[in-house]
There are 2 protein chains.
Amino acid sequence: MTDIDSVVAESNRRLDAIDRKILTVLQQDASLSVAEIGDRVGLSSTPCWKRIQRLEADGVIIKRVALVDQDKIGLGLSVFVSIESGDHSDAWLKTFADAVSAMPEVIEFYRMAGDVDYMLRVVVADMRAYDQFYKKLIGTVPLKNVTSRFAMEKIKSVTALPVPPMPVS
Amino acid sequence: MTDIDSVVAESNRRLDAIDRKILTVLQQDASLSVAEIGDRVGLSSTPCWKRIQRLEADGVIIKRVALVDQDKIGLGLSVFVSIESGDHSDAWLKTFADAVSAMPEVIEFYRMAGDVDYMLRVVVADMRAYDQFYKKLIGTVPLKNVTSRFAMEKIKSVTALPVPPMPVS
DNA sequence: GGTGAAAATTTCGAAGG
DNA sequence: CCTTCGAAATTTTCACC
């Protein structure tokens, strides 16, 4: 997927109701056999397989991954970090974005509208590890204000997005 | 996994270096064959397969899922929502947690330490859809304060947690 | 688009060091 | 706990509706 095909493949075909069902199923459980998925969406395995291939070629399905229990690998602490950067050049911004993106503790990183400029979700082992991360963060580039909010309890965390119903046409 | 076995299976064996490698690989790409994973971690397929089975039985690997491109299914807007609930009973809290957890737009939902009581990450199609969500949220239970922060740009978003190196023993 | 079945891979378990 | 080997299941392709 590094040649012309990858561009051609990115056709933005509208997703029909069956594609949406497939996405809903695969977001929940990607270990199902194609035949099983076909059953659930009312298709036999070949057409179901073709649709999945196409959804992957189109980039609708990004990839398949295993989800790992945060606590079981000793990463007990989730932190939401709000950053005010102050006024900066495009070059500064790129440096900042690249540096933060490269930190493996950073699971999510968004540029925001409004009072906060950037928002991070960071996962670390404990407070000590967070302190190290924090020092690394503020040591990388100058920042106007950084606020850390610590999670006490994960009530819900999913990767499955709510696939919208098909537009009426 | 609904009987005694599920309890027995939840043994908390310490993960060795190879298990950690397997987790790192599978968090990145769960579509690889067992033989391919074995190659990458220096194992032939049977022992690699057994380790993966065990990591699943132990709940270290929670599940395998497909990741879907948010924009390609028309969910263009990510919102971080900070909630101050004020003082409330345990019963209130359960009602609140259940109601919010049941909303499919809520991708993450944490109880926080400090000034903010709860933090949500919400994914919706657009501002109009967010307004509907917001009304649903504040209509469900009384809340002292709700702050919505809108993402302009997703700079990084991953599901792979940084598996810590094996403790020195 | 869809069906059904053959070919190519992969998974999973047995036997043994 | 690992390796090799093979049966069973699944994925993927193909010829045809």
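Predicted model only: the values in this text are computed from it and were never measured. Every chain is numbered from 1, with letters handed out A, B, ... down the list of sequences.
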Neighbour count >12 (heavy atoms, 6.0 Å) for atom CG, A/D115: yes
Value in whole Å for how far the P atom of C/dG4 lies from CG of A/D39: 12 Å
Check: D/dT12 base within 3.5 Å donor-acceptor of A/S45 side chain: no
C/dG2 phosphate, OP1 or OP2, under 4.0 Å from A/S44 side-chain N/O: no
Value in whole Å for how far the C1' atom of C/dG1 lies from CD1 of A/I18: 10 Å
Length of the line joining A/L55:CG and C/dG1:P, which is rounded to integer Å: 12 Å
Interatomic distance where CG belongs to A/L15 and P belongs to C/dG1 [whole Å]: 12 Å
Whole-Å distance separating the CG atom of A/L32 from the C1' atom of D/dA9: 15 Å
Between CD1 on residue A/I73 and CG on residue B/L23, distance to nearest 0.5 Å: 6.5 Å
Presence of A/R51 side-chain N/O under 4.0 Å of C/dG1 phosphate oxygens OP1/OP2: no
Atom pair distance, as rounded to whole Å: CG in B/L43 and C1' in D/dC2: 8 Å
Presence of A/W49 side-chain N/O under 4.0 Å of D/dT11 phosphate oxygens OP1/OP2: no
Touch class at under 4.0 angstrom, heavy-atom based, for A/T46 against every strand present: base
Value in whole Å for how far the C1' atom of C/dG2 lies from CG of A/D19: 14 Å
Rounded distance in Å - CD1 (A/I52) to P (D/dT10): 14 Å
Nearest listed nucleotide, side chain of B/K50, among D/dT10, C/dG4, D/dC2: D/dC2
B/F150 and B/Y130 aromatic centres sub-6.0 Å: yes
Ring centres under 6.0 angstrom apart (A/F109, A/F96): yes
Side-chain heavy atoms of B/T147 within contact of B/F80, under 4.5 Å: no
